[in-house]
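Only one structure is covered here, and it is reproduced in the block below.
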Amino acid sequence: MVTSTPYPTHPGVPPGGPLRHAHWWQRRWVRYGALITLLALSGLVILALVREQTGTEGFLVGLGLAVLPVPLLVAAFRWLDRVEPGPWRNLLFAFSWGACAAALIAIVANSFATRWIATATADPAGADTWGATVIAPVVEESAKAAAILLLFLFRRREFTGILDGVVIAGVTATGFAFTENILYLGTAFGTDQLAGHSGIASVTAATFFVRVVMSPFAHPLFTVLTGIGFGVAALAGERQRLRRALLPPAGLLLAMGMHAFWNGSATFGDYGFFAVYGGFMVPAFGLLTWLVIWTRQRELRTVREELPAYVVAGWLAPAEPFALGSMRARRLAREYAGHHLGRPAARTVAQYEAYATSLAFLRHRARRGRARADFALREGELLRELWHRRETARPALEYAARVTAPPVPVTMPPVYGWAPAHGPSAPHPAHPAYNPYRS
(Lines give C-alpha, C1' and ligand atoms only; values in the text may rest on other atoms or scores of the structure.)
Protein backbone atom coordinates (compact mmCIF):
# COMPACT_ATOMS: atom_id res chain seq x y z
CA MET A 1 0.00 0.00 0.00
CA VAL A 2 1.37 3.40 -0.99
CA THR A 3 0.88 6.34 1.32
CA SER A 4 2.00 9.94 1.18
CA THR A 5 4.58 11.51 3.43
CA PRO A 6 3.33 14.06 5.99
CA TYR A 7 4.91 16.93 4.02
CA PRO A 8 6.19 16.73 0.44
CA THR A 9 9.80 17.40 -0.39
CA HIS A 10 10.83 21.03 -0.76
CA PRO A 11 10.96 22.31 -4.35
CA GLY A 12 13.92 20.95 -6.14
CA VAL A 13 14.07 18.12 -8.61
CA PRO A 14 10.90 16.07 -8.17
CA PRO A 15 11.23 12.32 -8.33
CA GLY A 16 11.04 10.66 -11.68
CA GLY A 17 12.40 7.76 -13.59
CA PRO A 18 13.37 6.67 -17.07
CA LEU A 19 10.59 5.78 -19.46
CA ARG A 20 10.45 2.39 -21.08
CA HIS A 21 10.56 2.22 -24.85
CA ALA A 22 7.05 1.32 -26.02
CA HIS A 23 6.34 -1.36 -28.61
CA TRP A 24 5.02 -0.12 -31.92
CA TRP A 25 1.44 -1.10 -31.10
CA GLN A 26 1.67 0.88 -27.85
CA ARG A 27 2.65 4.12 -29.55
CA ARG A 28 0.16 6.93 -29.27
CA TRP A 29 -0.23 7.59 -33.00
CA VAL A 30 -0.97 3.90 -33.66
CA ARG A 31 -3.67 3.73 -31.00
CA TYR A 32 -5.17 7.07 -31.99
CA GLY A 33 -5.14 6.10 -35.64
CA ALA A 34 -6.90 2.80 -34.98
CA LEU A 35 -9.50 4.48 -32.78
CA ILE A 36 -10.20 7.27 -35.24
CA THR A 37 -10.51 4.75 -38.07
CA LEU A 38 -12.97 2.63 -36.06
CA LEU A 39 -15.14 5.61 -35.15
CA ALA A 40 -15.02 7.02 -38.69
CA LEU A 41 -16.13 3.71 -40.22
CA SER A 42 -18.89 3.40 -37.62
CA GLY A 43 -20.00 6.94 -38.42
CA LEU A 44 -20.15 6.27 -42.14
CA VAL A 45 -22.15 3.07 -41.64
CA ILE A 46 -24.59 4.67 -39.20
CA LEU A 47 -24.99 7.62 -41.56
CA ALA A 48 -25.89 5.27 -44.42
CA LEU A 49 -28.33 3.26 -42.27
CA VAL A 50 -30.13 6.33 -40.92
CA ARG A 51 -30.32 7.95 -44.35
CA GLU A 52 -31.71 4.72 -45.82
CA GLN A 53 -34.51 4.67 -43.23
CA THR A 54 -35.36 8.38 -43.30
CA GLY A 55 -34.44 9.52 -46.78
CA THR A 56 -32.18 12.45 -47.53
CA GLU A 57 -34.74 15.14 -46.71
CA GLY A 58 -35.85 13.38 -43.53
CA PHE A 59 -32.23 12.94 -42.49
CA LEU A 60 -31.49 16.66 -42.88
CA VAL A 61 -34.63 17.66 -40.96
CA GLY A 62 -33.84 15.16 -38.21
CA LEU A 63 -30.24 16.36 -38.04
CA GLY A 64 -31.28 20.01 -37.74
CA LEU A 65 -33.73 19.29 -34.92
CA ALA A 66 -31.63 16.70 -33.06
CA VAL A 67 -28.61 18.97 -32.75
CA LEU A 68 -30.50 21.61 -30.74
CA PRO A 69 -30.14 20.09 -27.22
CA VAL A 70 -26.56 18.87 -27.75
CA PRO A 71 -24.69 22.12 -26.92
CA LEU A 72 -26.79 22.63 -23.78
CA LEU A 73 -26.21 19.11 -22.49
CA VAL A 74 -22.48 19.13 -23.23
CA ALA A 75 -22.15 22.55 -21.58
CA ALA A 76 -24.01 21.29 -18.51
CA PHE A 77 -21.67 18.31 -18.11
CA ARG A 78 -18.64 20.48 -18.75
CA TRP A 79 -19.86 22.83 -16.01
CA LEU A 80 -20.01 19.92 -13.58
CA ASP A 81 -16.43 19.04 -14.53
CA ARG A 82 -14.99 22.49 -13.75
CA VAL A 83 -13.28 21.48 -10.48
CA GLU A 84 -10.90 19.07 -12.20
CA PRO A 85 -11.72 19.41 -15.91
CA GLY A 86 -10.80 16.41 -17.98
CA PRO A 87 -9.18 16.82 -21.39
CA TRP A 88 -11.43 17.59 -24.32
CA ARG A 89 -10.14 14.53 -26.18
CA ASN A 90 -11.89 12.28 -23.65
CA LEU A 91 -15.19 14.10 -24.13
CA LEU A 92 -14.78 14.04 -27.91
CA PHE A 93 -14.14 10.31 -27.80
CA ALA A 94 -17.15 9.75 -25.51
CA PHE A 95 -19.50 11.74 -27.74
CA SER A 96 -18.18 10.10 -30.92
CA TRP A 97 -18.49 6.64 -29.42
CA GLY A 98 -22.07 7.28 -28.37
CA ALA A 99 -23.08 8.85 -31.68
CA CYS A 100 -21.29 6.36 -33.94
CA ALA A 101 -20.17 3.05 -32.41
CA ALA A 102 -22.84 2.65 -29.72
CA ALA A 103 -25.63 3.78 -32.05
CA LEU A 104 -24.47 1.34 -34.74
CA ILE A 105 -24.35 -1.55 -32.27
CA ALA A 106 -27.81 -0.66 -30.98
CA ILE A 107 -29.44 -0.40 -34.42
CA VAL A 108 -27.99 -3.68 -35.66
CA ALA A 109 -28.53 -5.66 -32.45
CA ASN A 110 -32.01 -4.31 -31.73
CA SER A 111 -33.21 -4.98 -35.28
CA PHE A 112 -31.78 -8.50 -35.29
CA ALA A 113 -33.24 -9.38 -31.88
CA THR A 114 -36.68 -7.95 -32.63
CA ARG A 115 -36.90 -9.83 -35.94
CA TRP A 116 -35.78 -13.03 -34.28
CA ILE A 117 -38.45 -12.70 -31.58
CA ALA A 118 -41.12 -11.89 -34.18
CA THR A 119 -40.17 -14.96 -36.23
CA ALA A 120 -40.00 -17.24 -33.21
CA THR A 121 -43.31 -16.11 -31.68
CA ALA A 122 -45.22 -15.09 -34.83
CA ASP A 123 -46.28 -11.99 -32.93
CA PRO A 124 -44.77 -8.81 -34.43
CA ALA A 125 -46.55 -6.51 -31.96
CA GLY A 126 -45.30 -8.49 -29.00
CA ALA A 127 -41.82 -8.56 -30.50
CA ASP A 128 -41.79 -4.75 -30.69
CA THR A 129 -42.83 -4.53 -27.03
CA TRP A 130 -40.14 -6.99 -25.96
CA GLY A 131 -37.61 -5.21 -28.11
CA ALA A 132 -38.36 -1.82 -26.55
CA THR A 133 -38.61 -2.90 -22.91
CA VAL A 134 -36.05 -5.71 -22.69
CA ILE A 135 -33.68 -5.85 -25.65
CA ALA A 136 -33.09 -2.14 -26.23
CA PRO A 137 -32.16 -1.25 -22.61
CA VAL A 138 -29.69 -4.12 -22.38
CA VAL A 139 -28.06 -3.50 -25.76
CA GLU A 140 -27.98 0.29 -25.64
CA GLU A 141 -26.73 0.67 -22.08
CA SER A 142 -24.06 -1.98 -22.67
CA ALA A 143 -22.90 -0.22 -25.85
CA LYS A 144 -22.69 3.14 -24.08
CA ALA A 145 -20.95 1.60 -21.06
CA ALA A 146 -18.16 0.39 -23.35
CA ALA A 147 -16.92 3.98 -23.75
CA ILE A 148 -16.83 4.46 -19.97
CA LEU A 149 -14.98 1.17 -19.57
CA LEU A 150 -12.37 2.09 -22.18
CA LEU A 151 -11.62 5.43 -20.55
CA PHE A 152 -11.60 3.81 -17.11
CA LEU A 153 -8.99 1.31 -18.28
CA PHE A 154 -6.80 3.42 -20.57
CA ARG A 155 -7.20 6.93 -19.10
CA ARG A 156 -7.05 5.91 -15.47
CA ARG A 157 -5.13 9.00 -14.36
CA GLU A 158 -7.91 11.19 -15.70
CA PHE A 159 -10.71 9.02 -14.28
CA THR A 160 -10.46 9.60 -10.55
CA GLY A 161 -13.94 9.87 -9.08
CA ILE A 162 -17.70 10.09 -9.35
CA LEU A 163 -17.82 13.33 -11.33
CA ASP A 164 -15.52 11.90 -13.98
CA GLY A 165 -17.85 8.95 -14.39
CA VAL A 166 -20.91 11.19 -14.52
CA VAL A 167 -19.42 13.52 -17.14
CA ILE A 168 -18.10 10.77 -19.40
CA ALA A 169 -21.35 8.81 -19.16
CA GLY A 170 -23.47 11.89 -19.78
CA VAL A 171 -21.53 12.99 -22.85
CA THR A 172 -21.56 9.45 -24.26
CA ALA A 173 -25.32 9.24 -23.81
CA THR A 174 -25.74 12.70 -25.35
CA GLY A 175 -23.99 11.47 -28.49
CA PHE A 176 -26.14 8.35 -28.58
CA ALA A 177 -29.38 10.33 -28.12
CA PHE A 178 -28.26 12.70 -30.88
CA THR A 179 -28.08 9.90 -33.46
CA GLU A 180 -31.24 8.25 -32.16
CA ASN A 181 -33.14 11.54 -32.38
CA ILE A 182 -32.05 11.98 -36.00
CA LEU A 183 -33.57 8.59 -36.77
CA TYR A 184 -36.84 9.17 -34.89
CA LEU A 185 -37.35 12.74 -36.10
CA GLY A 186 -36.41 11.89 -39.67
CA THR A 187 -38.82 8.93 -39.68
CA ALA A 188 -41.57 11.13 -38.23
CA PHE A 189 -40.98 13.72 -40.94
CA GLY A 190 -41.28 11.02 -43.61
CA THR A 191 -44.58 9.87 -42.08
CA ASP A 192 -45.92 13.42 -42.18
CA GLN A 193 -44.88 13.79 -45.79
CA LEU A 194 -46.84 10.69 -46.75
CA ALA A 195 -49.90 11.68 -44.71
CA GLY A 196 -49.78 15.36 -45.62
CA HIS A 197 -49.54 16.52 -42.00
CA SER A 198 -47.76 19.70 -40.97
CA GLY A 199 -47.55 22.18 -38.11
CA ILE A 200 -48.22 21.48 -34.44
CA ALA A 201 -50.50 18.54 -35.22
CA SER A 202 -47.75 16.67 -37.11
CA VAL A 203 -45.93 13.58 -35.90
CA THR A 204 -42.64 15.48 -36.23
CA ALA A 205 -43.80 18.17 -33.79
CA ALA A 206 -45.03 15.57 -31.29
CA THR A 207 -41.78 13.60 -31.53
CA PHE A 208 -39.73 16.76 -31.11
CA PHE A 209 -41.72 17.78 -28.04
CA VAL A 210 -41.41 14.40 -26.32
CA ARG A 211 -37.77 13.63 -27.14
CA VAL A 212 -36.11 17.06 -27.32
CA VAL A 213 -38.23 19.34 -25.11
CA MET A 214 -39.57 17.02 -22.40
CA SER A 215 -36.86 14.41 -22.03
CA PRO A 216 -33.50 15.45 -23.50
CA PHE A 217 -31.94 14.19 -20.25
CA ALA A 218 -33.41 10.67 -20.49
CA HIS A 219 -30.46 8.83 -22.04
CA PRO A 220 -27.86 10.76 -20.01
CA LEU A 221 -29.84 10.00 -16.85
CA PHE A 222 -29.77 6.25 -17.53
CA THR A 223 -26.09 6.07 -18.40
CA VAL A 224 -25.02 8.32 -15.54
CA LEU A 225 -25.89 5.44 -13.20
CA THR A 226 -23.25 3.36 -14.96
CA GLY A 227 -20.82 6.26 -14.71
CA ILE A 228 -21.43 6.54 -10.97
CA GLY A 229 -20.63 2.85 -10.60
CA PHE A 230 -17.30 3.33 -12.40
CA GLY A 231 -16.64 6.54 -10.46
CA VAL A 232 -17.07 4.89 -7.07
CA ALA A 233 -14.88 2.01 -8.28
CA ALA A 234 -12.21 4.56 -9.21
CA LEU A 235 -12.18 5.74 -5.59
CA ALA A 236 -11.52 2.23 -4.31
CA GLY A 237 -8.03 1.16 -3.31
CA GLU A 238 -6.01 -1.45 -5.15
CA ARG A 239 -6.82 -4.04 -2.48
CA GLN A 240 -10.56 -3.44 -2.76
CA ARG A 241 -10.83 -5.62 -5.82
CA LEU A 242 -14.32 -6.91 -5.07
CA ARG A 243 -15.66 -3.36 -4.84
CA ARG A 244 -14.00 -2.36 -8.09
CA ALA A 245 -15.33 -5.46 -9.82
CA LEU A 246 -18.95 -5.28 -8.62
CA LEU A 247 -19.84 -1.58 -8.63
CA PRO A 248 -19.63 -0.91 -12.39
CA PRO A 249 -21.91 -3.89 -13.27
CA ALA A 250 -24.29 -2.81 -10.50
CA GLY A 251 -24.50 0.68 -11.99
CA LEU A 252 -25.04 -0.82 -15.43
CA LEU A 253 -27.90 -3.00 -14.15
CA LEU A 254 -29.56 0.05 -12.57
CA ALA A 255 -29.21 1.93 -15.85
CA MET A 256 -30.80 -0.95 -17.73
CA GLY A 257 -33.65 -1.14 -15.21
CA MET A 258 -34.42 2.58 -15.38
CA HIS A 259 -34.22 2.50 -19.17
CA ALA A 260 -36.61 -0.47 -19.33
CA PHE A 261 -39.06 1.23 -16.95
CA TRP A 262 -39.02 4.37 -19.09
CA ASN A 263 -39.49 2.50 -22.36
CA GLY A 264 -42.28 0.39 -20.85
CA SER A 265 -44.23 3.42 -19.65
CA ALA A 266 -46.19 3.47 -22.91
CA THR A 267 -47.71 0.09 -21.98
CA PHE A 268 -49.03 1.35 -18.62
CA GLY A 269 -52.20 2.88 -20.05
CA ASP A 270 -53.15 6.19 -21.60
CA TYR A 271 -51.40 8.25 -18.93
CA GLY A 272 -48.62 5.81 -18.13
CA PHE A 273 -45.97 7.88 -19.87
CA PHE A 274 -46.86 11.07 -18.01
CA ALA A 275 -47.12 9.22 -14.69
CA VAL A 276 -43.66 7.73 -15.08
CA TYR A 277 -42.27 11.04 -16.31
CA GLY A 278 -43.65 13.13 -13.46
CA GLY A 279 -43.53 10.56 -10.67
CA PHE A 280 -40.22 8.89 -11.42
CA MET A 281 -38.03 10.50 -14.07
CA VAL A 282 -38.19 14.11 -12.85
CA PRO A 283 -37.53 13.19 -9.18
CA ALA A 284 -34.68 10.88 -10.24
CA PHE A 285 -33.21 13.68 -12.34
CA GLY A 286 -33.44 16.08 -9.40
CA LEU A 287 -31.86 13.57 -7.01
CA LEU A 288 -28.93 12.86 -9.31
CA THR A 289 -28.45 16.58 -9.96
CA TRP A 290 -28.22 17.18 -6.21
CA LEU A 291 -25.79 14.28 -5.86
CA VAL A 292 -23.33 15.53 -8.47
CA ILE A 293 -23.45 19.13 -7.17
CA TRP A 294 -22.85 17.88 -3.61
CA THR A 295 -19.97 15.78 -4.92
CA ARG A 296 -18.47 18.84 -6.58
CA GLN A 297 -18.65 20.82 -3.34
CA ARG A 298 -16.98 17.94 -1.52
CA GLU A 299 -14.18 17.96 -4.09
CA LEU A 300 -13.61 21.67 -3.47
CA ARG A 301 -13.41 20.97 0.25
CA THR A 302 -10.83 18.26 -0.44
CA VAL A 303 -8.71 20.81 -2.33
CA ARG A 304 -8.79 23.21 0.62
CA GLU A 305 -7.89 20.46 3.08
CA GLU A 306 -5.06 18.73 1.17
CA LEU A 307 -3.07 21.56 -0.40
CA PRO A 308 -1.83 23.25 2.82
CA ALA A 309 0.73 20.43 3.13
CA TYR A 310 2.36 21.76 -0.03
CA VAL A 311 2.32 25.27 1.43
CA VAL A 312 4.37 24.03 4.38
CA ALA A 313 6.83 22.38 2.00
CA GLY A 314 7.19 25.57 -0.04
CA TRP A 315 5.54 24.43 -3.25
CA LEU A 316 2.48 26.70 -2.93
CA ALA A 317 1.89 30.18 -1.58
CA PRO A 318 -0.23 30.45 1.60
CA ALA A 319 -3.25 31.94 -0.18
CA GLU A 320 -3.48 29.28 -2.86
CA PRO A 321 -5.39 26.48 -1.05
CA PHE A 322 -8.23 28.87 -0.29
CA ALA A 323 -8.33 30.31 -3.81
CA LEU A 324 -8.12 26.90 -5.47
CA GLY A 325 -10.96 25.63 -3.27
CA SER A 326 -13.39 28.30 -4.48
CA MET A 327 -14.90 28.34 -7.95
CA ARG A 328 -15.42 32.11 -7.72
CA ALA A 329 -11.79 32.70 -6.78
CA ARG A 330 -10.62 30.47 -9.63
CA ARG A 331 -12.66 32.45 -12.11
CA LEU A 332 -11.38 35.76 -10.76
CA ALA A 333 -7.79 34.50 -11.01
CA ARG A 334 -8.22 33.61 -14.67
CA GLU A 335 -9.88 36.94 -15.40
CA TYR A 336 -7.13 38.83 -13.56
CA ALA A 337 -4.38 37.05 -15.51
CA GLY A 338 -6.21 37.54 -18.79
CA HIS A 339 -6.79 41.24 -18.16
CA HIS A 340 -3.18 42.00 -17.23
CA LEU A 341 -1.19 39.50 -19.32
CA GLY A 342 -3.53 38.30 -22.05
CA ARG A 343 -5.35 35.11 -22.91
CA PRO A 344 -2.27 32.83 -22.82
CA ALA A 345 -1.79 33.80 -19.16
CA ALA A 346 -5.43 32.99 -18.42
CA ARG A 347 -4.93 29.55 -19.96
CA THR A 348 -1.80 29.09 -17.87
CA VAL A 349 -3.75 29.88 -14.70
CA ALA A 350 -6.48 27.45 -15.74
CA GLN A 351 -3.86 24.75 -16.25
CA TYR A 352 -2.32 25.56 -12.88
CA GLU A 353 -5.72 25.19 -11.22
CA ALA A 354 -6.33 21.84 -12.89
CA TYR A 355 -2.91 20.44 -11.92
CA ALA A 356 -3.27 21.66 -8.34
CA THR A 357 -6.67 20.00 -8.08
CA SER A 358 -5.29 16.73 -9.40
CA LEU A 359 -2.49 16.99 -6.85
CA ALA A 360 -4.99 17.47 -4.01
CA PHE A 361 -7.03 14.45 -5.10
CA LEU A 362 -3.87 12.37 -5.47
CA ARG A 363 -2.76 13.19 -1.93
CA HIS A 364 -6.29 12.57 -0.60
CA ARG A 365 -6.29 9.07 -2.08
CA ALA A 366 -2.82 8.41 -0.69
CA ARG A 367 -3.81 9.48 2.83
CA ARG A 368 -6.70 7.03 2.67
CA GLY A 369 -4.46 4.22 1.49
CA ARG A 370 -5.89 4.22 -2.04
CA ALA A 371 -2.92 5.51 -4.00
CA ARG A 372 -1.55 3.48 -6.85
CA ALA A 373 2.03 2.26 -7.11
CA ASP A 374 3.03 5.27 -9.23
CA PHE A 375 2.02 7.79 -6.57
CA ALA A 376 5.48 9.33 -6.15
CA LEU A 377 6.02 9.58 -9.90
CA ARG A 378 2.63 11.18 -10.47
CA GLU A 379 3.11 13.60 -7.57
CA GLY A 380 6.45 14.67 -9.02
CA GLU A 381 4.94 15.22 -12.46
CA LEU A 382 2.16 17.42 -11.06
CA LEU A 383 4.57 19.43 -8.90
CA ARG A 384 6.79 20.08 -11.91
CA GLU A 385 3.82 21.34 -13.91
CA LEU A 386 2.86 23.68 -11.08
CA TRP A 387 6.42 24.92 -10.61
CA HIS A 388 6.75 25.85 -14.29
CA ARG A 389 3.58 27.99 -14.13
CA ARG A 390 3.95 29.52 -10.66
CA GLU A 391 5.21 32.95 -11.78
CA THR A 392 2.05 33.58 -13.79
CA ALA A 393 -0.48 31.83 -11.55
CA ARG A 394 0.56 32.90 -8.06
CA PRO A 395 -0.14 36.65 -8.37
CA ALA A 396 -3.54 35.94 -9.92
CA LEU A 397 -4.51 33.45 -7.21
CA GLU A 398 -3.31 35.72 -4.42
CA TYR A 399 -5.39 38.54 -5.86
CA ALA A 400 -8.44 36.26 -6.08
CA ALA A 401 -7.94 35.11 -2.49
CA ARG A 402 -7.86 38.71 -1.25
CA VAL A 403 -11.01 39.64 -3.16
CA THR A 404 -13.06 36.61 -2.12
CA ALA A 405 -11.88 36.30 1.51
CA PRO A 406 -14.90 36.64 3.80
CA PRO A 407 -14.83 39.58 6.23
CA VAL A 408 -14.17 38.80 9.86
CA PRO A 409 -16.96 40.21 12.06
CA VAL A 410 -15.87 42.55 14.85
CA THR A 411 -17.99 42.70 18.01
CA MET A 412 -17.68 45.99 19.88
CA PRO A 413 -17.97 45.97 23.66
CA PRO A 414 -21.03 47.65 25.18
CA VAL A 415 -20.59 51.30 26.07
CA TYR A 416 -21.78 52.41 29.51
CA GLY A 417 -21.58 56.16 29.27
CA TRP A 418 -17.88 56.40 28.53
CA ALA A 419 -15.26 55.04 26.16
CA PRO A 420 -11.48 54.84 26.25
CA ALA A 421 -9.54 57.48 24.39
CA HIS A 422 -8.27 54.90 21.94
CA GLY A 423 -10.57 51.96 21.35
CA PRO A 424 -9.19 48.46 20.94
CA SER A 425 -7.87 47.72 17.51
CA ALA A 426 -9.83 45.33 15.37
CA PRO A 427 -8.46 41.81 15.36
CA HIS A 428 -6.27 41.07 12.41
CA PRO A 429 -8.14 38.65 10.09
CA ALA A 430 -6.70 35.22 9.65
CA HIS A 431 -5.16 34.47 6.30
CA PRO A 432 -7.88 33.32 3.90
CA ALA A 433 -6.00 30.14 3.09
CA TYR A 434 -6.68 28.87 6.58
CA ASN A 435 -10.22 30.14 7.12
CA PRO A 436 -12.17 27.09 8.39
CA TYR A 437 -15.56 28.72 7.95
CA ARG A 438 -15.45 29.29 4.21
CA SER A 439 -17.95 27.03 2.45
Side-chain angles (χ1 to χ4, degrees), residues 34-35 38-39 41-43 45-46 49-50 73 77 90-117 127-156 159 162 164-184 211 215 217-234 243-265 281 284 288:
L35 184 60
L38 172 64
L39 292 176
L41 291 175
S42 300
V45 174
I46 196 71
L49 290 176
V50 172
L73 291 171
F77 286 112
N90 289 354
L91 300 186
L92 181 61
F93 163 76
F95 185 88
S96 301
W97 181 277
C100 300
L104 178 60
I105 293 170
I107 287 180
V108 173
N110 288 343
S111 300
F112 175 80
T114 302
R115 290 175 183 174
W116 181 82
I117 294 173
D128 289 338
T129 302
W130 274 93
T133 58
V134 178
I135 304 300
V138 173
V139 171
E140 294 175 7
E141 295 307 321
S142 299
K144 289 181 284 184
I148 310 172
L149 175 62
L150 289 173
L151 290 173
F152 182 81
L153 293 176
F154 297 105
R155 286 290 180 266
R156 190 66 182 82
F159 199 128
I162 294 175
D164 293 315
V166 168
V167 171
I168 292 168
V171 174
T172 303
T174 299
F176 182 89
F178 168 65
T179 300
E180 192 177 65
N181 284 340
I182 295 174
L183 177 61
Y184 278 96
R211 298 189 64 87
S215 58
F217 59 85
H219 270 289
L221 181 60
F222 308 145
T223 313
V224 157
L225 295 174
T226 305
I228 291 175
F230 276 97
V232 178
R243 181 179 177 182
R244 291 194 297 170
L246 294 181
L247 286 175
L252 177 60
L253 289 175
L254 287 175
M256 292 176 180
M258 182 179 285
H259 195 158
F261 188 55
W262 171 250
N263 283 4
S265 62
M281 292 292 288
L288 285 177

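Numbers here are sequence positions counted from 1.
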- Can you tell me if Arg156 uses its side chain to pair, donor with acceptor, with the backbone of Phe159 under 3.5 Å? yes
Would you say the side chain of Ile228 lies within less than 4.5 Å of the side chain of Leu254, judging by non-hydrogen atoms?
-> no
Closest non-hydrogen atoms of Ile46 and Gly43, given as atom of the first, atom of the second and distance, are CG2-O, 3.1 Å
Requested in this report: Flag the pair Leu104 / Leu49 as yes when at least one side-chain heavy-atom distance between them is below 4.5 Å, and no otherwise.
Outcome: yes
Closest non-hydrogen contact found for Ala127 with Thr114 is CB-O, 3.6 Å
One should read off an interatomic distance between Thr172 OG1 and Leu151 CG, to the nearest 0.5 angstrom, of 7.0 Å
For the backbone of Ala145 and the side chain of Trp97, can you confirm whether one donor and one acceptor N or O come within less than 3.5 Å of each other? no
- Message: Measuring only between side-chain heavy atoms, which start at C-beta, is Trp262 closer than 4.5 Å to Ser215?
- Response: yes
Would you indicate whether the side-chain heavy atoms of Phe222 and Met281 approach each other to under 4.5 Å? yes
Are Leu39 and Phe93 packed together at the side-chain level, in the sense that at least one heavy-atom pair is separated by less than 4.5 angstrom?
yes
Nearest heavy-atom approach of Leu247 to Ala233 is CD1-N, 4.1 Å
To the nearest 0.5 Å, atom CD of Glu140 lies from atom CD1 of Ile107 at 9.5 Å
Minimal heavy-atom distance between Asn110 and Ala136, with the atoms involved, is OD1-CA, 3.5 Å
task: Applying side chain to side chain contact (heavy atoms under 4.5 Å, CB included), run through Arg155 and Asn90 and close with a yes or a no.
output: CA-CA 8 Å; Arg155 286 290 180 266; Asn90 289 354; 3.8 Å; yes
**Prompt:** Under a 4.5 Å cut-off applied to non-hydrogen side-chain atoms, are Phe230 and Leu252 in contact?
**Reply:** no
Value for CZ (Phe178) from CG (Leu73), rounded to nearest 0.5 Å, stands at 12.0 Å
Closest heavy-atom pair, Pro137 versus Ala132, reported as atoms and distance to 0.1 Å, is CD-O, 3.3 Å
Side chain proximity check, Met256 to Leu225, heavy atoms < 4.5 angstrom: no
When rounded to the nearest 0.5 Å, the distance separating OG1 of Thr129 from CG of Asn263 is 11.0 Å
Taken to the nearest 0.5 Å, the spacing of Phe95 CZ from Leu91 CG works out to 11.0 Å
dist Ile135:CD1 -> Asp128:CG (nearest 0.5 Å) comes out at 12.0 Å
Minimal heavy-atom distance between Phe176 and Ala102, with the atoms involved, is CE1-O, 3.6 Å
- Is His219 close to Thr174 at the side-chain level, that is, under 4.5 Å between some pair of heavy atoms? no
